[in-house]
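Working notes for the structure below.
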Amino acid sequence: MAAIRIAPTRAARALGLLRAVQYTHPPTCPCHSNPGHHQYSNPLAISQSRRALATPVDTSQQKEYAFEMAASSIRFGPGCTKEVGMDFKNLGAKKVMVVTDSTVAKLDAMKQVIEGLEKEGIAYEVYSKVRVEPKDHSIREAIDFAKPYAPDAFLAVGGGSVIDTAKLMNLYTSCPNADFLDFVNAPLGKGLPITEKLKPLIAVPTTAGTGSETTGTAIFDLVSKKAKTGIAHRNLKPTLGICDPLNTRTMPSAVHASSGLDVLCHSLESWTAIPYYERTPRPTNPINRPAYQGANPISDIFSLQALRSTVKYLPRAVKDPDDFEAQSNMLLAATLAGVGFGNAGVHLCHGMSYPISGQNPGYKHAGYAVETPIIPHGVSVAVTAPAVFKFTGASNPERHLAAAECFGVDISQVKAESAGEVLGEALAKFLVSLGDQPRGLKHMGFKREHVDELVEGTIPQQRVLMLAPNLDVQNVEEEREQLRGLFEEAMEY
């Protein structure tokens, strides 16, 4: 018997139409910003917005829904240092504070900037006492030097230590009544946002590592807390970074290696950081959105390219000081990585590196002409990398395998659950091939009895730890155990 079809009522037809609209054109369609598309989808966004209409939401647990990109203007090219005098004239600067260290003060980069300033008739004062791996007291000394001169612009010529010191000289001369800890990252400082307009700062890097010429981050040792910390806010970034490959030709091989390892970890950490939409809390005001936001589609482009370039060119730059193509590409990679991590952030390698540097048991890295023990920043960061990425692999196997592929690993037959181990092994092999790298914390003088203190020195680095995949930052005791395991794993590779 044939079925009898009954015509639907108007109400039924209307209800069917509404359902059709709902399921064929949901809020996730491309016309509505497509939050459900690609690896940056946020499936919780819709349910969160609906819930917000019905019941109150704990704002401290609301996840981020936006990311921002901020970077300094960059000029790249051999010989462009000589333009700096014209730049300050174009900015209307009358009194420039030139910031450098005792080594760079004797190099051609300084000669070029001084000639440029004098040619344009711009008054300047030179501060050349910046400490490599600066401490809070060396930062304060620099600030005290700058205040009486009352410059209307700053010029940093040197590596990351110099550029970071110049950023803080600029900050505290622009905010003369601020307490030193006001802007320092919480919980060691108050972590206040920078609301004052700072003076122009031009950065001329002479190393290819930190990417500080493009970021709003400045790092130093807080001696009283035995911890490395800093200040991070996009308003701190230089006005212009002048990246002149001629200025990196004076770097010794050991400095090429350690600064290049910083680039390596900047790119790897920002590539594997938690996605921006997983970070909490969502800021109540855009000014409170942190500089380090989590991986995002724009930072990814810079981070992955920086990683590829570093793997290709760093061994060449270390092996042959006259390989100017490799040196130039490493300077470019450092800047690319700076844009990437300056917005996405870093995580465990850097968080763990700060107590490693601050609690140095007496290690003096080969190739550094200094009187006191020193663990160069890039070395302190890279020494834990094999252990770190073995640990984070499960968070996003695809990304870890993509990184391993940059090292030449054939990933076609690698299972997802092996991604972290494969990347860790590739990193260990790369570090060994560079030469003169300590094969774990044990080779720097650290012992098992140092682990607890290293863990306690890492815990305050919440600014970066909050971006670490797989780390349980909500449960401090569990976090301690995880960090303890990582330091023990990093004793030797």
Side-chain angles (χ1 to χ4, degrees), residues 67-77 80-81 83-84 87 91 99 109 113 153-171 194 198-219 230-245 247-248 259-260 262-271 273 289-307 309-310 327-346 350 377-378 381 463-464:
F67 67 90
E68 294 184 26
M69 288 297 295
S72 305
S73 295
I74 295 294
R75 181 179 303 141
F76 188 99
C80 62
T81 306
E83 297 179 353
V84 72
D87 288 318
L91 288 167
V99 185
V113 301
F154 287 83
L155 170 61
V157 187
S161 297
V162 168
I163 299 172
D164 286 4
T165 300
K167 289 176 183 176
L168 299 182
M169 293 166 78
N170 189 8
L171 173 61
I194 299 170
L198 305 192
K199 298 172 179 67
L201 164 62
I202 296 179
V204 182
T206 57
T207 62
T210 67
S212 187
E213 67 276 3
T214 188
T215 74
T217 304
I219 302 297
I231 298 174
H233 194 274
R234 56 184 56 83
N235 289 355
L236 204 58
K237 69 184 187 298
T239 311
L240 170 67
I242 295 181
C243 301
D244 184 341
N247 293 335
T248 65
S259 57
D262 199 19
V263 181
L264 182 77
C265 290
H266 282 158
S267 54
L268 274 169
E269 289 172 74
S270 53
W271 171 248
R289 180 166 284 119
Y292 287 3
Q293 302 163 83
N296 63 73
I298 300 179
S299 67
D300 283 350
I301 297 168
F302 290 89
S303 300
L304 196 57
Q305 181 56 44
L307 176 59
S309 293
T310 302
Q327 289 185 23
S328 179
N329 276 283
M330 278 309 301
L331 179 60
L332 184 57
T335 302
L336 291 172
V339 176
F341 91 85
N343 290 279
V346 289
H350 274 75
H377 176 62
V381 169
R463 176 180 64 96
V464 294

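Along the sequence shown, residues carry numbers from 1.
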Identify the two heavy atoms, one from [X] and one from [Y], that lie closest to each other, and give their separation to 0.1 Å.
| X | Y | result |
| --- | --- | --- |
| A306 | S267 | CB-CB, 4.0 Å |
| R234 | A291 | NH2-CA, 4.1 Å |
| G345 | A273 | O-CB, 4.5 Å |
| H266 | A337 | CB-CB, 4.0 Å |
| S270 | F341 | CB-CA, 3.8 Å |
| A109 | V157 | CB-CG1, 4.0 Å |

Gap separating the [atom1] atom of [X] from the [atom2] atom of [Y], nearest 0.5 angstrom:
| X | Y | atom1 | atom2 | answer |
| --- | --- | --- | --- | --- |
| F76 | I242 | CZ | CD1 | 13.0 Å |
| L240 | L91 | CG | CG | 8.0 Å |
| T165 | F154 | OG1 | CZ | 11.5 Å |
| N235 | I194 | CG | CD1 | 6.0 Å |

What pairs with H377 under ring-ring contact (aromatic ring centres under 6.0 Å, His included), at least two apart in sequence or on another chain?
H350
Check L304, V381, L307 against L268 for a side chain to side chain contact (heavy atoms under 4.5 Å, CB included) and give me the one that passes.
L307
Mind checking side-chain contact (heavy atoms from CB on, under 4.5 Å) for [X] and listing every partner two or more places apart, or none if nothing turns up?
| X | answer |
| --- | --- |
| A218 | D164, K167, L168, L236 |
| T310 | V263, L264, L314, M330, A333 |
| E83 | R75, C80, M86, D87 |
| T217 | T215, I219, A232, Y292, R463 |

List the residues meeting salt bridge (charged side-chain N to carboxylate O under 4.0 Å, His left out) with R289, not counting sequence neighbours, and say none if there are none.
E64, E68
Using the rule given for side-chain contact (heavy atoms from CB on, under 4.5 Å), can you reason through V346 versus C265, listing the C-alpha separation, both sets of side-chain angles and the distance that settles it, and then say yes or no?
CA-CA 8 Å; V346 289; C265 290; over 6 Å; no
Partner set under side-chain hydrogen bond (donor to acceptor under 3.5 Å, both in side chains) for Q327, not counting sequence neighbours
none
Please enumerate all residues that pass side-chain hydrogen bond (donor to acceptor under 3.5 Å, both in side chains) together with S309, with sequence neighbours excluded.
Q305
Would you mind writing out the side-chain donor-acceptor pairs for residues 198-208 within the sub-3.5 Å range, not counting sequence neighbours?
from, atom 1, to, atom 2, distance (Å)
K199, NZ, S174, OG, 3.3

Looking at side-chain heavy atoms only, is the closest gap between D262 and T210 below 4.5 Å?
yes
Inter- and intrachain pairs under salt bridge (Lys or Arg N to Asp or Glu O under 4.0 Å), touching residues 203-215, at least two apart:
none
Counting N and O atoms only, with roles assigned by atom type, does the side chain of S299 sit under 3.5 Å from a partner on the main chain of N343, one being a donor and the other an acceptor?
no
Sub-3.5 Å donor-acceptor pair from the side chain of N296 to the main-chain atoms of F67, do we have one?
no
